[in-house]
Every structure is written in structure tokens, then in C-alpha cells.
Amino acid sequence: MNTLRVYNTLSKTKEPLETVRPGNVGIYLCGPTVYKEAHIGHMVGPVIFDAIKRYLTYCGYDVTWVVNITDIDDKIIEQSRQRNLPMAQIAEEMTQDYLKNLASFGVDQIDHMPRATETMGEIVAFIQDLIDKGFAYESAGDVFFDVTRDSDYGKLSNRSADSQQGEGGGAAAKKRSPGDFALWKSAKAGEPSWESPWGAGRPGWHIECSAMSRNLLGETFDIHGGGLDLVFPHHENEIAQSECRHGKPMAKYWMHNGLMRASTAAGKVGGRGDRDGEEQATTDTKISRSKGAGGLASLVERQGGERLRFFLLRTHYRSTIVFSEEAVAEAGAGLDTFYRFFERYERLTGERFYDLQPIARRSEGEIDAGDDPLLGQVNEHRDSFLSKMDDDFNTGAAMSDLFELVRTLNKHAQTIEDAGSPNADQLVTFTRGVLTLRELSAIFGLFRQPPATSAKAESELAGKLLDLLVELRTFARSKKDFAMADKIRDGLTSLGVTLEDRKDGTQWRIE
RNA sequence: GGCGCCGUACCCAAAUGGCUAAGGGAGCGGAUUGCAAAUCCGCGAUUACCGGUUCGAGUCCGGUCGGCGCCUCCA
């Protein structure tokens, strides 16, 4: 098994992946608080970890991936008031929205999605044990974690416990130290609540993750992930709770993805932008739900889930991604290279790329190339791709090998086409090379099915009309009536239809 | 104020201190084409700036300038 290296926020270095149990990997990713629709930024973690799980599985690990749903929270209660609906209904609605978005982005590798409301027994037991062990205390119906009892506190985010101000407001008066955080919050009148030894209330924000990860992955598991913004206080407090209770490390590797920002045109009210020409002021602002980002469903409708997924995987997961639809469209131009190649593959072999069964295991993908130049090159691209994935899942770098692989295959396709009648040996080698493209792109979760064309609505009738126009143009060309042929083509171009004249006929494509 | 990140070509973006600084998009040449499209080939970088360490620096250290994150809810 190859050595995988993983960047660990705890040590601030890349470390070799050595799992708790050989051959197994447990991953816990902090999921959403379901109080409003998800935005594109919420998809970064799920997409990268989806690719990570695919890669680990491909490398032979048995992976268990948990993503929690936080369905109790002050913000959900607030929404529930504003919309005059029960908290559970809001949570359920937004959970469904989240699941729908995951599906659009091709995230289907999650094994467990526990909810806080379904983990209440374990949460209460967890808190009680912390009290019994002297790490937590009750104060007027609330329970707080006592950060002064945890000598390690702050090790993840590099902060000292006594420098923390903590949340203010009414809770502050009940705390022993300002940095103490709530494990259990007593319910005010009218708030949803659960029974506990400390009275009716609800869990604090961090405790559910400690309880759920312990339940599903054990006291020490392999990888804990989340957005960079969760390092403090959320993950710091999870560590405090879990490690004080268990007396052992919570997770071996802490992986944090970079946050997304939105590129928005800044004001420039008054509309005189001509003086400095193209210089347009833009600011990158944080994407947050409170600032009204959203419309993920319509974004998916416009761009397609695969483009968005590709856009996210283009950049290293720890980097900031600046979001704009222009950038997504640009990424899409790169994706089109693959789609066109798949059509070419189908023309040459009569087989659909999407019907190729991807090679599912790394140990089975190596090609015995012999002295075949094509397969030798394919192997090189594959090795390069895998070595980049081995180095902290560098999808952005590995992407280049996908492009180089498709270029190599395009060249081979060209020689086959130029030869006129394809010979069987060439096709066999070609198909074997294409199978490697299938294998590697499957690690990214790409090209699992043909891109949806619904948005472009190429109805049956439109297709037939296009076929008819192409036929008329072919007739004109055969008569050397290029003026007519070009008129038809230009007209179609202006409608967003591109024509390609090939030896074997003309093909149309809706851009 | 405390902790931390980033600055690579027109745009996006990769690069354990070591060969000509990946790849994509846009653009410009060329092959191909009736002309296009697609594909292939080719073209493009004082790595923000200044200094230091080193045989060797995009990478390490110090400084300057610029952008950003966390410290309160965040993926």
C-alpha cells in the first residue's frame, strides 16, 4: 500500500497516514446546521471528502464516513419563530434541501448522517460523565465545560484558554471562567426542549459531534474534517470534551478545507465606468447565509452539478476559492474537452464512455504496457496523477494529468481516424487507455453519467429540425453552394448551435 | 490588540530547497478544413518588493507593501 500523506492542522505538517485500525479509515465531517438553504460554500467540504473517500477506497481502505446534521440550534429556533413553524419542520425542510444539493454535486459516499435530536441519550450521558469526572459543572440549569481543567486546551487553534472572551450575554454570568462553553442550555418558555438531569433544555453546539463520533467511529478515530472556520471554537471544544472524557486523542488527523468567497462587483454607483476602461472594482466577500448568499438550486440549474464539482476540485482543498459564475463557466470550458472526447470515443468504438466499468482498485489499474508507446504514456500519466493524490489529496495538481491523458488519447484517436479503416489492435490499445481515464476520473467522482441536457431543452422536435437543417446544408455543400451552407451555419451559431464537419458527416452541438 | 493565511503569465491554478516554474481558460501563429468547428503542434513568467541563509530559493529567515481569515454564529 502506498504511503499517503495528510496535512494535519494539529501539527501543521503533512504526516503519513497511519490508521487506528489497519486497513480502515473513519472520517467525521462536520455537517450543516439546518436552518436555511445551503449555499455553494457548504458543498466544498462534502465534495472534497467525497473524493477523499473514493480515493481511500480505491487505495484499498475500508472507509466509514460520517456527516452530522445539526437539527437543534438557536438559529433554527429563531427561524421557527420568524416563520411560525415548529423547529422540527424547519429542520426537516432544510435537511431535505441539503440532501438534494449533495446529490446534485454527486456526493453519495456518506455512510451515516446522524442527527442531534436522535442522539439525545448519548449526549446527556456524555455530559453527565464529564460532570462526574470533574470537567464540567452545572450552573442554574446550564452545564458548562470548565476549560481550566483541560491543560491541553487551545492546542488545535494555538490559543490559550485564559485569553478567550467567550460568548457574552446572560450565559456569561453563570460561568466560572469566560472561556467556558455550554454543554447544556436550559430551555426558556416556549423553546423546544429535552429532559435531562439538569432540567429541560437542549445540547450546546459542540457536544453532539463528540457524542456522535464516539458512537459511530469510536473514542479515537482517524480523520476529523470541517471548514477552516470551525477550528475555533468548535473543534477546539470537541477535542476538549472528548479527550477529557476518554483520556485519549479524539482524532489522529484534523483536516480543514479553505473557505469560499464570493466575487461581487462593488457598487460603482452612477454608472460611469468608461474612464479607466476595464478596471472594475471587485471585492471578495465572505459567503455567508446572513448576507443573503443562496440560490444554490438555481445555480445548479444554470451550471449543472458536474461543472460545479469540477470547479471545486480544480483548486487544492486548503486554498480559498473565490466564487463567481464566470469562473465556473471557465472551468466548464475545460470540462467540455472531456465531453467531446467521449463523443469521439463513441464514434470510433461504438461504445459509450459512460458504460465503461471503472477499475475500482489501485492494485488492478496498472497496465502491462510492454513496448506499446501509447500505454506507456498512459501509465506515466496515471502514476503522476496518483502520486499527487498521495500527497494530501492534491486534486488541483492531479487534474493536469487528466488533461494530459486526454490529449494523449486524442492524438491516438487522430492516427486511427487518419488511417481510414481502424485496425483492431489500435482500437484495443485505445480502449485500454480510455479505461484508465475512466478509472482516474471516477476517483474525482466525475463523468458518472452523461451531463443533463434538460436546461438546454433539446427537445425531440428541435433535434429533428437540426438534423433537417444539417441535411439541407450538406446538400448545399455538395453543390458547392458555400454561401448557402455558411448562411445556415452562421444562423445556427447565433442560436448557440455549433456545427462540426467531419469526414463521416456533420455533427451539431448545443453550446 | 492576540493567533494565522495568502500574493506565481491577461484570468484561474500546481509545484518534499535541486533538471526547461504543471495544467486549464482567453489570445496569437501553424497543421487540418471549401471556410469554420473540433483536434493536434507551437508561442507566452525578473514567482509583489527589499535584504539575508545556502553550492542552489517561488519554496527557508527578516523587513516593506497589498489582500484575507479566526478571536461572537459560520462549511
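Every chain is numbered from 1 and lettered A, B, ... according to where its sequence line falls, protein lines coming before strand lines.
- Across all strands, A:D486 comes closer than 4.0 Å to base atoms (heavy-atom distances).
- Shown here are the side-chain hydrogen bond (donor to acceptor under 3.5 Å, both in side chains) partners of A:S80, two or more places apart in sequence or in another chain: there are none.
- The C1' atoms of B:A45 and B:C10 are separated by 12 Å, rounded to the nearest whole Å.
- Salt-bridge check for A:R159 with A:E236: failed, with every basic side-chain N at 4.0 Å or more from each acidic carboxylate O.
- Taking every side-chain heavy atom of A:R509 into account, B:A37 is the closest of B:A37, B:G4, B:A75.
- Within the shown strands, B:U64 is the pairing partner of B:A48 under the Watson-Crick or G-U definition, both distances less than 3.5 Å.
- As rounded to whole Å, 23 Å separates atom P of B:C68 from atom NE2 of A:H256.
- Take A:Q82 and apply the side-chain contact (heavy atoms from CB on, under 4.5 Å) test, not counting sequence neighbours, and it matches A:E78, A:Q79.
- For A:E404, the salt bridge (charged side-chain N to carboxylate O under 4.0 Å, His left out) test picks out no residue, with sequence neighbours left out.
- Contact annotation for A:G225: no contact, since no heavy-atom pair falls under 4.0 Å across all strands.
- With a 3.5 Å ceiling on both atom-pair distances, B:U16 lacks any Watson-Crick or G-U wobble partner.
- Nucleotides B:C73 and B:A13 have their C1' atoms positioned 32 Å apart, rounded to a whole Å.
- Using a 30° and 60° split on the angle between ring planes, A:H206 and A:H234 fall in the tilted class, from 30° to 60°.
- Contact between the side-chain N/O atoms of A:K411 and the OP1/OP2 oxygens of B:C41 is found at a separation under 4.0 Å.
- Nearest-nucleotide assignment on RNA chain B puts the 5′-proximal partner with A:S319, out of A:L499 and A:S319.
- When the P atom is used for both B:C61 and B:U16, the distance is 15 Å, rounded to whole Å.
- Distances were taken from every side-chain heavy atom of A:E500 (C-beta onward) to each of B:A38, B:C40, B:A75; the shortest belongs to B:A38.
- Minimum atom distance to the side chain of A:F232 is reached by B:C70, of the listed B:A38, B:A13, B:C70.
- The P atoms of B:A57 and B:G18 are separated by 11 Å, rounded to the nearest whole Å.
- Pairs engaging residues 98-108 of chain A under the side chain to side chain donor-acceptor pair (under 3.5 Å) rule: A:R54-A:D108, A:D97-A:N101, A:D108-A:R448 [sequence neighbours left out].
- For A:N394, a side-chain nitrogen or oxygen approaches OP1 or OP2 of B:A15 to under 4.0 Å.
- Side-chain N/O atoms of A:N257 include none lying less than 4.0 angstrom from OP1 or OP2 on B:A75.
- Comparing the same atom, P, in B:G30 and in B:A21 gives a spacing of 28 Å after rounding to whole Å.
- Heavy atoms of A:S384 sit nowhere under 4.0 angstrom from any nucleic acid atom.
- Residue A:M260 places its side chain closer to B:A75 than to any other of B:A14, B:G25, B:A75.
- Distance from the side chain of A:E330 is smallest to B:C12 among B:C12, B:C70, B:U39.
- Of the candidate nucleotides B:C40, B:U39, B:G34, B:G34 has the atom lying nearest to any side-chain atom of A:F482.
- Counting non-hydrogen atoms under 4.0 angstrom, A:R5 reaches nothing in the nucleic acid.
- Nucleotides B:G51 and B:C5 have their C1' atoms positioned 23 Å apart, rounded to a whole Å.
- Taking the six-membered ring where the residue is Trp, A:Y345 and A:F430 present tilted rings, their angle falling between 30° and 60°.
- Using Watson-Crick or G-U wobble geometry with both donor-acceptor distances under 3.5 Å, B:C35 finds no partner in any strand shown.
- As judged by a 4.0 angstrom heavy-atom cut-off over every strand, A:S157 is placed among residues touching the sugar-phosphate backbone only.
- Distances from the side chain of A:D391 to the nucleotides B:G34, B:A38, B:U16 place B:U16 closest.
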Detail all sub-3.5 Å separations between protein N/O atoms and N/O atoms belonging to nucleotides 18-23 of chain B.
from  : atom 1 : to     : atom 2 : distance (Å)
B:A22 : N3     : A:S400 : OG     : 3.4

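- Contact annotation: side chain of A:D74 to base of B:C73, donor-acceptor pair absent below 3.5 Å.
- Within the structure, the ring-ring contact (aromatic ring centres under 6.0 Å, His included) test picks out the following pairs touching residues 373-410 of chain A (sequence neighbours left out): A:F338-A:F403, A:F385-A:F444.
- A cation-pi arrangement is absent between A:R438 and A:F447 under the rule of less than 6.0 angstrom and at most 45 degrees off the ring axis.
- Base pairing of B:G29: its partner is B:C41, meeting the Watson-Crick or G-U wobble criterion (both donor-acceptor distances under 3.5 Å).
- Residue A:T337 places at least one side-chain N or O closer than 4.0 Å to OP1 or OP2 of B:G25.
- For B:C35, its base sits under 3.5 Å from the side chain of A:R489 at one donor and acceptor pair at least.
- Along RNA chain B, the nucleotide closest to A:H206 and the one closest to A:R477 are compared, and the more 5′ of them pairs with A:R477.
- Nucleotide B:U59 forms a pair with no other nucleotide shown, judged by Watson-Crick or G-U wobble geometry with both contacts under 3.5 Å.
- Within the nucleic acid shown, A:R473 comes within 4.0 Å of at least one base atom, counting heavy atoms only.
- Ion pairing between a basic and an acidic side chain is recognised when a charged N comes within 4.0 Å of a carboxylate O; A:R5 and A:D391 show such pairing.
- In this structure, the salt bridge (charged side-chain N to carboxylate O under 4.0 Å, His left out) partners of A:R83, at least two apart in sequence or on a different chain, are A:E93.
- Closest approach to the A:T315 side chain among B:C40, B:A13, B:A75 is made by B:A13 (side chain taken as heavy atoms from C-beta onward).
- In terms of the side-chain hydrogen bond (donor to acceptor under 3.5 Å, both in side chains) criterion, residue partners of A:S186 (sequence neighbours excluded) are, by chain and number, A:D142.
- Using N1 to N3 plus N6-O4 or O6-N4 for Watson-Crick, or N1-O2 and O6-N3 for G-U wobble, each under 3.5 Å, B:U54 pairs with nothing.
- The gap from the C1' atom of B:G27 to that of B:G7 amounts to 25 Å, rounded to the nearest Å.
- Among the nucleotides B:G25, B:A75, B:G4, the one closest to the side chain of A:A333 is B:G25.
- Classified by interplanar angle (parallel below 30°, tilted 30° to 60°, perpendicular above 60°), the ring pair A:F311/A:F323 is perpendicular.
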Is there any protein nitrogen or oxygen under 3.5 Å from a nitrogen or oxygen in nucleotides 28-30 of chain B, and what are the pairs?
none

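- In this entry B:C70 has B:G2 as its Watson-Crick or G-U wobble partner, both defining distances falling under 3.5 Å.
- Comparing the same atom, P, in B:G25 and in B:U39 gives a spacing of 8 Å after rounding to whole Å.
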